[in-house]
Number of protein chains: 2
Amino acid sequence: MAARMTRQRTAVVEALDELADFRSAQQLHETLRARGESVGLATVYRALQALAEASEVDVLRAEDGESLYRRCARREHHHHLVCRHCGRTVEIDGPTVEAWASKVAAAQGFDDIEHTIELWGTCADCRAASAG
Amino acid sequence: MAARMTRQRTAVVEALDELADFRSAQQLHETLRARGESVGLATVYRALQALAEASEVDVLRAEDGESLYRRCARREHHHHLVCRHCGRTVEIDGPTVEAWASKVAAAQGFDDIEHTIELWGTCADCRAASAG
DNA sequence: AATAAGGTGAGAATCGTTCTCATGACATCG
DNA sequence: CGATGTCATGAGAACGATTCTCACCTTATT
């Protein structure tokens, strides 16, 4: 249990707090650079990793495999509806789905069930932008 | 629309037909090598890519980001319950979940919805094996 | 201040995947 | 049967995200 509060970690957390949407480690690094906070890329990765382990941030994989990070409002288990264009995110929960998932898995004799349930789409703003 | 049927592509398809579980491109390459079919790794990737585009194989991302491929029995939309240890796969469908997903997305004004719903677990055999 | 336990960062190293490009296989045309 | 155009192949280079290395700083703690 490390977790020393350093300038760099503080910067990463603050950046996450200000950005509402899912961002990649590299985007965050770029953001920090742009605002003058000098933080190494490796450090950004390490900070995000630590935060993810502590459940301080949510991680999900973009369709191309890149990991995206976000500081979610709710700490409890939930899922996301993410705009694949701008990263805009809506937190959703689905008790129905949770129940369905564990029932199905148990029926097949599987243990240690985890599920990946994410919704991707185009948000209203991005649709308007591309249609306009 | 290419799709010339070559020795290599045939070999990849046959290997997939014999393997019931999700496999990575590298695993397939290794399998082919082992049985004496000489096929380049790049070719395996290309064949899998073409098959995936033609919806001949299903692709999903392992938890570590690696792509896994499988020739599924049903061509229609469905999901999977996959053993994270041996790749053993059960095809599942969830009309409930489909309905839920599109309802939620529409309620938020999102378009072009796609969803990722996969279940990961430890199958009975792998549990028995690790339990001794 | 001294020190121990971490943290940092530049660049090297990984690893899956894709690209390059010279060569090979095929079907068609003559 | 051989020439031709087209696509496929494969060895290795290139890529891109992520992780590791390691010498050097920071942050608590005494």
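In what follows, chains carry the letters A, B, and so on, assigned in the order in which the sequence lines appear, proteins first and then strands, with residues in each chain numbered from 1.
Between A/His80 and A/Phe22, the distance separating the two ring centers is shorter than 6.0 angstrom.
Side-chain atoms of B/Glu118 and B/Arg61, non-hydrogen and from C-beta on, never get closer than 4.5 Å to each other.
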- Using a 4.0 Å heavy-atom cut-off, write out nucleotides 15-27 of chain C from 5' to 3' as B (base contacted by protein), S (sugar-phosphate only) or - (no contact). -SBBBB----BB-
Can you give the donor-acceptor pairs under 3.5 Å from side chains of residues 92-111 of chain A to other protein atoms, not counting sequence neighbours?
unit_1	atom_1	unit_2	atom_2	d
A/Asp93	OD2	A/Arg74	NH1	2.9
A/Glu98	OE1	A/His77	NE2	3.1
A/Glu98	OE1	A/His115	NE2	2.9
A/Glu98	OE2	A/His77	NE2	3.0
A/Glu98	OE2	A/His79	NE2	2.8
A/Ser102	OG	A/Glu98	O	3.1
A/Ser102	OG	A/Ala99	O	3.3
A/Asp111	OD2	B/Arg127	NE	2.7

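Each of B/Leu48, B/Thr31, B/Asp17, B/Val57 was checked for a side chain to side chain contact (heavy atoms under 4.5 Å, CB included) with B/Val12, and the lone residue meeting it is B/Leu48. A/Arg35 pairs in a salt bridge (Lys or Arg N to Asp or Glu O under 4.0 Å) with only one of the listed residues (A/Glu14, A/Glu30, A/Glu18), which is A/Glu18.
Distance A/Gln8 CD to C/dG6 C1': 12 Å, rounded to the nearest Å. Whole-Å rounding puts the B/Glu37 CD to D/dT9 P distance at 13 Å. Whole-Å rounding puts the A/Arg9 CZ to C/dG9 C1' distance at 14 Å. D/dA17 atom C1' lies 18 Å from atom CZ of A/Arg23, rounded to whole Å. Between the CG atom of A/Leu48 and the C1' atom of D/dT19 there is a distance of 14 Å, given to the nearest Å.
For the OP1/OP2 pair of C/dG9 and a distance below 4.0 Å, the side-chain nitrogens and oxygens of A/Thr43 include at least one atom meeting the criterion.
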- Query: Hey, mind stepping through B/His85 and B/Asp125 against side chain to side chain donor-acceptor pair (under 3.5 Å) and telling me if it holds?
  - Reply: CA-CA 10 Å; B/His85 302 294; B/Asp125 290 352; over 6 Å; no
